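Residue numbers run from 1 in the order of the sequence given. Predicted model, so just to flag it, every value in this text is computed and none were measured. Computed over heavy atoms, backbone and side chain alike; hydrogens, waters and symmetry mates excluded.
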Amino acid sequence: MARSRTLTEIADEAYRLADAEGMTARHPREDVVRWTNKGLAELYDLLVSARGLEWYRASTTIALVAGTTDYALPAAFYALLGARMLDGGALLPMSQGASAELRDGYLQGGAGPRLYQLAGANITILPVPSSGSLVLDYVPAFVDLADDGVATFDGVNGWETYGSIFAARLMSIKDSDETKLGMLTGELSGMAQRVRGLARKRDVSAPTRVRDVRGMAAHASARRWR
């Protein structure tokens, strides 16, 4: 990761951008911290939706229990990047299954789980496992940062300023400062466009791939008609 700053530094920057340094009576610190966290959460969503998933990738391994198909997702789970089955030292990729695929009889055979489906706070895998582990690559949810001078946010390329601008903009609304509001709104919009544009260009090596959207169930059905 390229650049991390504390929540305290980002909130302090918000005061500077709003020309409100030292004005904690007018703009209480707890309000500015809350607004800064809200801005960082919005930036986090922008990065994730702009294919910046790799910046916040996490991984966890879940030990499988024989006869059990449902497992709890990590507490901070936000979005799944991929699921793999670890059995005998080999990592086998798994595919997302539709409800119809998970009901198909062909899933009763074979070596180990091959399909998964997210359901609320759980992940369901089939066929029923007998051993092994489930490896999940995922994006954790954003968690509000504490104003303690320690908690940091990785802005990757200086994008953490988005949180400062977001909070400063709300301060200008409270102050009815139309001039500063217009300027900060423009900066916020410009940074959002910058994030969307640059995040997509991080990995240009992977070509576009054709994906079979009908799934294994369709192929199994076609075989039955032969």
Side-chain angles (χ1 to χ4, degrees), residues 1 4 40-41 43-146 151-154 156 199-200 202-226:
M1 294 302 184
S4 293
L40 292 178
L43 169 63
Y44 191 89
D45 276 344
L46 282 172
L47 285 168
V48 171
S49 64
R51 299 181 183 178
L53 300 174
E54 293 81 1
W55 282 306
Y56 303 108
R57 178 188 293 271
S59 182
T60 188
T61 300
I62 302 173
L64 301 180
V65 178
T68 300
T69 60
D70 292 345
Y71 297 86
L73 293 166
F77 179 86
Y78 183 35
L80 184 66
L81 298 178
R84 295 170 289 170
M85 172 71 179
L86 177 60
D87 191 8
L91 271 175
L92 307 175
M94 300 177 68
S95 302
Q96 182 181 18
S99 296
E101 289 178 314
L102 296 181
R103 291 194 302 266
D104 265 12
Y106 78 93
L107 285 177
Q108 295 176 0
R114 300 189 300 279
L115 294 181
Y116 71 85
Q117 188 177 60
L118 298 180
N122 296 321
I123 183 170
T124 300
I125 61 173
L126 284 175
V128 179
S130 58
S131 63
S133 300
L134 178 65
V135 180
L136 299 180
D137 295 318
Y138 68 100
V139 179
F142 175 81
V143 178
D144 282 355
L145 304 177
T152 61
F153 181 85
D154 184 355
V156 182
R200 295 176 187 275
R202 188 183 188 213
D203 185 358
V204 296
S205 63
T208 301
R209 294 180 294 177
V210 176
R211 180 182 179 185
D212 180 1
V213 297
R214 299 179 61 195
M216 297 169 65
H219 296 301
S221 177
R223 288 197 298 271
R224 287 195 294 267
W225 282 99
R226 293 178 182 176

Handout entry: Candidates Tyr138, Tyr44, Phe142 - the one meeting ring-ring contact (aromatic ring centres under 6.0 Å, His included) with Tyr56
Key =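 Result: among Tyr138, Tyr44, Phe142, Tyr44 is the only option passing the ring-ring contact (aromatic ring centres under 6.0 Å, His included) with Tyr56.
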Exercise for the section: Working to the nearest 0.5 Å, report the span between CG of Leu126 and CE of Met94. Expected result: 8.5 Å
Exercise for the section: Indicate yes or no: at least one non-hydrogen side-chain atom of Met85 is less than 4.5 angstrom from one of Leu64. Expected result: yes
Handout entry: Contact check, side chains of Arg114 and Ser95, non-hydrogen atoms, under 4.5 Å
Key =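 When only atoms from C-beta onward are counted, Ser95 and Arg114 do not touch, as no gap falls below 4.5 Å.
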Exercise for the section: Could you tell me which residues satisfy side chain to side chain contact (heavy atoms under 4.5 Å, CB included) with Ser59, sequence neighbours excluded, listed by chain and number? Expected result: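 Ser59 satisfies side chain to side chain contact (heavy atoms under 4.5 Å, CB included) with Val135, Asp137 only.
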What are the two closest non-hydrogen atoms of [X] and [Y], and how far apart are they?
{"X": "Ala58", "Y": "Pro140", "answer": "CB-CD, 4.0 Å"}
{"X": "Ala151", "Y": "Ala146", "answer": "CB-O, 3.7 Å"}
{"X": "Pro93", "Y": "Arg84", "answer": "CA-CG, 4.1 Å"}

Run the side-chain donor-acceptor check on residues 68-83: report pairs under 3.5 Å with partners two or more places apart or on a different chain.
{"unit_1": "Asp70", "atom_1": "OD1", "unit_2": "Thr124", "atom_2": "OG1", "d": "2.7"}
{"unit_1": "Tyr71", "atom_1": "OH", "unit_2": "Val65", "atom_2": "N", "d": "2.9"}
{"unit_1": "Tyr71", "atom_1": "OH", "unit_2": "Val65", "atom_2": "O", "d": "3.2"}
{"unit_1": "Tyr71", "atom_1": "OH", "unit_2": "Thr68", "atom_2": "O", "d": "2.8"}
{"unit_1": "Tyr78", "atom_1": "OH", "unit_2": "Asp45", "atom_2": "OD1", "d": "2.5"}

Handout entry: Pair Leu43-Phe153, side-chain contact (heavy atoms from CB on, under 4.5 Å): steps then yes or no
Key = CA-CA 11 Å; Leu43 169 63; Phe153 181 85; 3.7 Å; yes
